[in-house]
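Report on the following structure.
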Amino acid sequence: MSIQSAIAALQPLFGDRLSTGDSVRDQYGRNEAWYPVTPPDAVIWPETTEEVATIAQTCNEHGCPIVAWGAGTSLEGHIVPVQGGITLSFDRMNKVLDVHQEDMDAVVQPGVTRRQLNEDLRATGLFFPIDPGADASIGGMAATRASGTCAVRYGTMRESVLALEVVMADGRIIRTGSRARKSSNGYDLTKLFVGSEGTLGIITEVTVRLHGQPEAMSAAICAFDDIEGAVNTVIQTIQMSIPVARIELVDPTSIRAMNAYSKYEMKEGPHLFVEFHGTEAGVAEQAEIVGEICAENGGADFEWASKAEDRNRLWRARHDFYYAIKAMCPGRTGYNTDSCVPISRLADCVMESMEDAQRSGLVTTMVGHAGDGNFHMGYMVDPDNPAEIDEAKRLGERLSERTIAMGGTVSGEHGIGIGKRKFMAEEHGEDAWALMGQIKQTFDPNGILNPGKVVPGN
């Protein structure tokens, strides 16, 4: 039993849809994080759930690892095949299978991206609100329990996934959940697979909740004198139950990079990017109240973007900030990490983390989906400089320890993958983390599904 024997068994079934070429393997060995290129032994492109089941059954019989690949946008090494094996690419399973307009849900294959789904929904008056920035695949977003800029209003993938089709490690095909909006029937297997990062099963179909397009949408940016004033504005806005759709915190370094990359002329200082959804009257009222809160905390010069093209340009600049930072720091890559704390501790965690980073001498960025206590730190490092990488790791680990001490979680969005597995026992407790390992053992006794990730062992 071996990886090569599994590849040999699958080659006649998939022909040119299975590749062991160096350039292809290299492409699927790359990741958006700082981890070195780690090629799989082969890449395979299934087109149906039944083909995925055949791959899983064959790999299980031969003890060959499988890593599922959506769009490759994850940031904690989820898709790095640390034990080799086969990368299963969903590039060809990218169809919107059904849209139930009256019930406000859609059924999609895992390779469908969020932008593709929203394009498909254009004529229905519905939209899919989960927006992690990158054009991630729906299957990958379910596997990592993604969220993004709209989570403060619409929730995360945990709330958005109604049902799944999943291929188990031994090739069995199961369905979890239903299109009903609530159930008290049995264990909630859907929620177990959402966020499991490909370690428990391979998602081959996702039923997602949709939302109606709001009557009115308006976005604005507001500059602040300091980070603390911007963070306090976020805290007060949430505590007053103002239903903002988005409220993003952006630090001065990121603003400088975004100005250069996206051709903006924002004042170089801390900013909030805010968006409101609702009726015309409701949006106007929300904007007025948030404007008053901003002014009380040193915010000034609201710049409004009510036209769709202006809003899209604003949010594209926000989503492209990582590429903007890379352009500002040529030859460097980002060591990116995130944190999520109770909203009352957000100011403390952000300020301490920023001060810690400033002492390091590294170019550091901070952006945050601050409305739900989630923020992201990025440390720009020379990938050929071990000392800089070690310093970035130290900063990231201190952030995780600080977060846990404040009652938070080491990842509100990026997930665990390789990068944060060391903090699982500290955050969840030894016994709870061990229980996760036992669940993994039950679902995948041979340990072939994305091994080396999330749980202890394998």
Side-chain angles (χ1 to χ4, degrees), residues 131 133 148-154 214 216-259 262 264-308 310-319 321 340-355 365-377:
D131 178 14
T149 60
C150 290
V152 66
R153 173 72 175 263
Y154 298 100
M217 301 172 68
S218 187
I221 59 175
C222 182
F224 284 80
D225 296 331
D226 52 47
I227 287 280
E228 189 171 12
V231 175
N232 286 335
T233 296
V234 173
I235 294 171
Q236 291 167 28
T237 298
I238 299 305
Q239 289 176 340
M240 290 179 66
S241 299
I242 300 168
V244 288
R246 291 167 159 164
I247 184 162
E248 294 285 298
L249 176 64
V250 186
D251 81 314
T253 303
S254 300
I255 292 293
R256 182 166 72 252
M258 290 162 62
N259 280 340
S262 299
Y264 260 95
E265 295 182 357
M266 292 177 281
K267 177 183 176 182
E268 196 172 303
H271 275 68
L272 288 181
F273 289 22
V274 189
E275 187 165 278
F276 307 96
H277 294 178
T279 64
E280 293 282 357
V283 164
E285 182 183 14
Q286 294 165 30
E288 182 180 356
I289 297 171
V290 173
E292 292 172 357
I293 298 172
C294 287
E296 291 170 0
N297 287 289
D301 302 325
F302 256 88
E303 295 183 30
W304 291 96
S306 296
K307 293 180 180 178
D310 293 335
R311 290 198 313 274
N312 291 340
R313 179 170 176 255
L314 173 65
W315 292 111
R316 176 56 61 89
R318 161 62 182 88
H319 289 324
F321 101 92
C340 191
V341 294
I343 194 74
S344 63
R345 300 307 307 273
L346 181 61
D348 294 336
C349 198
V350 167
M351 296 305 296
E352 289 181 26
S353 301
M354 292 289 289
E355 290 167 4
T365 63
M366 189 279 298
V367 296
H369 312 316
D372 43 24
N374 183 205
F375 67 97
H376 306 248
M377 298 291 294

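Count residues from 1 along the sequence. Both backbone and side-chain heavy atoms feed into the values below; hydrogens, waters and symmetry mates do not.
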Which heavy atom in R246 sits nearest to a heavy atom in C150, and how many Å separate them? NE-SG, 3.2 Å
Does any part of the side chain of F224, heavy atoms only, come nearer than 4.5 Å to the side chain of C294, both counted from C-beta? yes
Nearest 0.5 Å please: distance from the NZ atom of K267 over to the CD1 atom of I255. 11.5 Å
Gap between atom OG of S262 and atom CZ of R313 - 0.5 Å precision: 7.5 Å
The test is side chain to side chain contact (heavy atoms under 4.5 Å, CB included); show your working for D348 and V341 and say whether it passes. CA-CA 10 Å; D348 294 336; V341 294; over 6 Å; no
V250 side chain near M258 side chain, heavy-atom distance below 4.5 Å: yes
For Y154 and H277, take the angle between the two ring planes, folded into 0 to 90°, and tell me which bin it lands in: parallel under 30, tilted 30 to 60, perpendicular over 60. tilted
With a 4.5 Å heavy-atom cut-off, do L249 and L272 have their side chains touching? yes
Any idea how F273 and W315 line up, ring-wise: parallel (<30°), tilted (30 to 60°), or perpendicular (>60°)? perpendicular
Show the nearest heavy-atom pair for residues F375 and S353, with the distance to one decimal. CZ-OG, 4.0 Å
Main chain of G148, side chain of D131: is a donor-acceptor contact present, judged purely on distance under 3.5 Å? no
Looking at side-chain heavy atoms only, is the closest gap between E296 and Q236 below 4.5 Å? yes
Rounded to the nearest 0.5 Å, what's the gap from CD1 on I227 to CD on E355? Could you check? 11.0 Å
Roughly how far, to the nearest 0.5 Å, is the CD1 atom of I293 from the CE atom of M240? 4.5 Å
Can you tell me if CD on E268 sees more than 12 non-hydrogen neighbours from other groups inside 6.0 Å? yes
If every non-hydrogen atom of I343 is compared with every non-hydrogen atom of G371, which pair is closest and at what distance? CD1-O, 3.9 Å
Mind checking whether M351 and V231 have side chains closer than 4.5 Å, heavy atoms only? no
With Y264, which residues qualify under ring pair (Phe, Tyr, Trp, His ring centres under 6.0 Å), at least two apart? none
Of all heavy-atom pairs between L346 and A370, which one has the smallest distance, and what is that distance? CD2-O, 3.5 Å
Residues that V152 engages under side-chain contact (heavy atoms from CB on, under 4.5 Å), provided they are two or more places apart: I238, V244
So, for D226 and P270, which heavy atoms are closest and what is the spacing to 0.1 Å? C-CG, 3.5 Å
Residue pair V283 / G278: nearest heavy atoms and the distance that separates them: CG2-N, 3.6 Å
Sorted by chain and number, sequence neighbours left out, salt bridge (Lys or Arg N to Asp or Glu O under 4.0 Å) with E352 holds for R402
Nearest-0.5 Å distance that lies between atom SG in C222 and atom CE in M266: 12.5 Å
Validation row: E248, H369 side chains within 4.5 angstrom (heavy atoms): yes
What is the distance from atom CG of D251 to atom CE of M354, rounded to the nearest 0.5 Å? 4.5 Å
I'd like to know if the side chain of H271 and the backbone of G269 have a donor-acceptor N/O pair within less than 3.5 Å. yes
